[in-house]
Number of protein chains: 2
Amino acid sequence: MAKHNLDLSRLFHALADPTRRAILTRLAETPARVTDLAGPTGLRLPTVMRHLSVLEGAGLITTSKDGRIRTCAIVPEALDPVRTWLDEQRAIWEARLDRLDAFVMNVTKDREE
Amino acid sequence: MAKHNLDLSRLFHALADPTRRAILTRLAETPARVTDLAGPTGLRLPTVMRHLSVLEGAGLITTSKDGRIRTCAIVPEALDPVRTWLDEQRAIWEARLDRLDAFVMNVTKDREE
DNA sequence: ACGATAGTTAGCGATATGGCTAAGCATAAT
DNA sequence: ATTATGCTTAGCCATATCGCTAACTATCGT
């Protein structure tokens, strides 16, 4: 539970930065080298490196080095916990709305009697 | 697009903190006063207030004051942009996997010919 | 061997975050 | 009228984040 929570925090934090989301979207097209990723962002290499390590730390990407080139690729299933959390929340939230509906209906009915 | 992006960043950032997620889950049950929210967290009121303002800034909750009591409630549709973004990403990521499949199949086919 | 390319590490500065205390303000309760 | 309650504001501290430059390492191309 606690660890799960940490995972979620890391995921959400990783996704909270527009640059990182842009990198993810770019990587969704095709794997890319670090320099390829730096280009569009207009950021310096070390800065991009940092973003990449955040993404990797959250499990959203994997990287591997071949010679002097590091290739970054997306980990599609990494978003699953986020999706699961969202689904859970929606379920709770909707259950609450249902209870609210029931409550309102009861009040209405009581008033009609 | 830019604003949309900012919304997403604020949402993800708001969700990146376990305390704030706990508050959301608690609020999903029923609206609550600030003090009610502070209790379970073990945090001081000003700290909770700050979390609440982050949540409100992200549009995830609304608050209203009646007398000296501020009541906080969830905004269920606030998660929609997150869900949308996730769906979009999944679509792109899966499209990429499909292309990869097609590529692999072509290679295999070519080799067989 | 040498220079160019790709990435990495170290470290700086400005700003943001998450916690706190202390003090203030407004409303309810007595 | 006074006290208690609920929230708010101001401000402090430690740490984290996001950008940078400078300098370093490792590999590739010629």
Side-chain angles (χ1 to χ4, degrees), chain A residues 2-3 5-27 30-74, chain B residues 2-3 5-27 30-74:
Chain A
K3 189 147 186 247
N5 240 310
L6 201 93
D7 283 358
L8 264 184
S9 294
R10 271 207 271 256
L11 279 169
F12 278 128
H13 172 248
L15 296 174
D17 185 288
T19 300
R20 287 194 288 266
R21 288 199 304 278
I23 288 176
L24 279 184
T25 306
R26 165 64 187 78
L27 283 181
T30 167
R33 302 175 308 159
V34 177
T35 307
D36 295 336
L37 295 172
T41 63
L43 297 175
R44 301 294 180 179
L45 265 188
T47 306
V48 173
M49 287 287 298
R50 195 168 277 257
H51 284 304
L52 290 178
S53 74
V54 170
L55 288 169
E56 194 169 15
L60 284 163
I61 67 172
T62 47
T63 76
S64 61
K65 206 166 171 181
D66 180 18
R68 62 182 161 169
I69 291 179
R70 178 171 298 280
T71 303
C72 309
I74 222 163
Chain B
K3 188 145 186 251
N5 240 309
L6 200 91
D7 283 358
L8 264 184
S9 295
R10 272 207 270 254
L11 279 169
F12 279 127
H13 172 249
L15 296 174
D17 185 289
T19 299
R20 286 195 288 266
R21 288 199 304 278
I23 290 177
L24 279 184
T25 307
R26 165 65 187 76
L27 284 181
T30 166
R33 302 177 308 159
V34 176
T35 306
D36 295 336
L37 296 172
T41 64
L43 297 175
R44 300 295 180 177
L45 267 188
T47 307
V48 173
M49 286 286 299
R50 196 169 276 260
H51 283 304
L52 290 178
S53 73
V54 170
L55 288 170
E56 194 169 15
L60 285 163
I61 66 171
T62 46
T63 76
S64 61
K65 207 167 173 182
D66 180 19
R68 63 184 160 166
I69 292 179
R70 176 171 299 280
T71 302
C72 309
I74 222 163

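Chain identifiers are assigned alphabetically (A, B, ...) following the order of the sequence lines, protein sequences preceding nucleic acid strands; residue numbering begins at 1 within each chain. Predicted, not measured: the structure shown is a model, and the values here were computed from it.
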Check your understanding: Roughly how bent is the helix from C/dA1-D/dT30 to C/dT30-D/dA1 end to end, in steps of 10 degrees, with each end axis from five pairs?
Key ->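 End-to-end axis angle: 20°.
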Rounded interatomic separation in angstrom, taking [atom1] from [X] and [atom2] from [N]:
X: B/L37; N: D/dC7; atom1: CG; atom2: P; answer: 9 Å
X: A/R70; N: C/dT8; atom1: CZ; atom2: C1'; answer: 9 Å
X: A/I69; N: C/dT8; atom1: CD1; atom2: P; answer: 11 Å
X: A/M49; N: C/dT5; atom1: CE; atom2: P; answer: 19 Å
X: A/D17; N: C/dT15; atom1: CG; atom2: P; answer: 18 Å
X: A/L55; N: D/dC18; atom1: CG; atom2: P; answer: 10 Å
X: A/D36; N: C/dG7; atom1: CG; atom2: C1'; answer: 13 Å

Practice item. Select one nucleotide: of C/dA6, D/dC18, D/dT8, the one nearest the side-chain heavy atoms of A/H51. Key: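 Nearest listed nucleotide: D/dC18.
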Got a donor-acceptor contact below 3.5 angstrom from the [X] side chain to the [Y] backbone?
X: B/R10; Y: B/G59; result: no
X: B/R26; Y: B/D36; result: no
X: B/R20; Y: B/A14; result: yes

Study note, to complete from the structure: Protein heavy-atom contacts under 4.0 Å, written 5' to 3' over nucleotides 20-30 of chain C as B (base), S (sugar-phosphate only) or - (none), form the string BBB----BS--
Mind checking whether [X] and [Y] have side chains closer than 4.5 Å, heavy atoms only?
X: A/I23; Y: A/L52; result: yes
X: B/T63; Y: B/V34; result: no
X: B/R21; Y: A/S9; result: yes

**Study point:** Approximate separation, where rounding is to 0.5 Å, of B/T41 OG1 and B/L37 CG
**Key:**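 Interatomic distance, B/T41 OG1 to B/L37 CG, rounded to 0.5 Å: 8.0 Å.
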Point to revise | Sole residue of B/V54, B/L27, B/L15, B/I74 in side chain to side chain contact (heavy atoms under 4.5 Å, CB included) with B/L60 | key: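 The passing option is B/L15.
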Point to revise | Under-4.0 Å side-chain N/O to phosphate OP1/OP2 contact, B/H13 with C/dT17 | key: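 Result: yes.
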Review point. For D/dT5, does OP1 or OP2 lie under 4.0 Å from any side-chain N or O of B/R33?
Key: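 B/R33 to D/dT5 OP1/OP2: no side-chain N or O under 4.0 Å.
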**Study point:** Test log, rule side-chain contact (heavy atoms from CB on, under 4.5 Å), inputs B/L24 and B/L55
**Key:** CA-CA 9 Å; B/L24 279 184; B/L55 288 170; 4.0 Å; yes
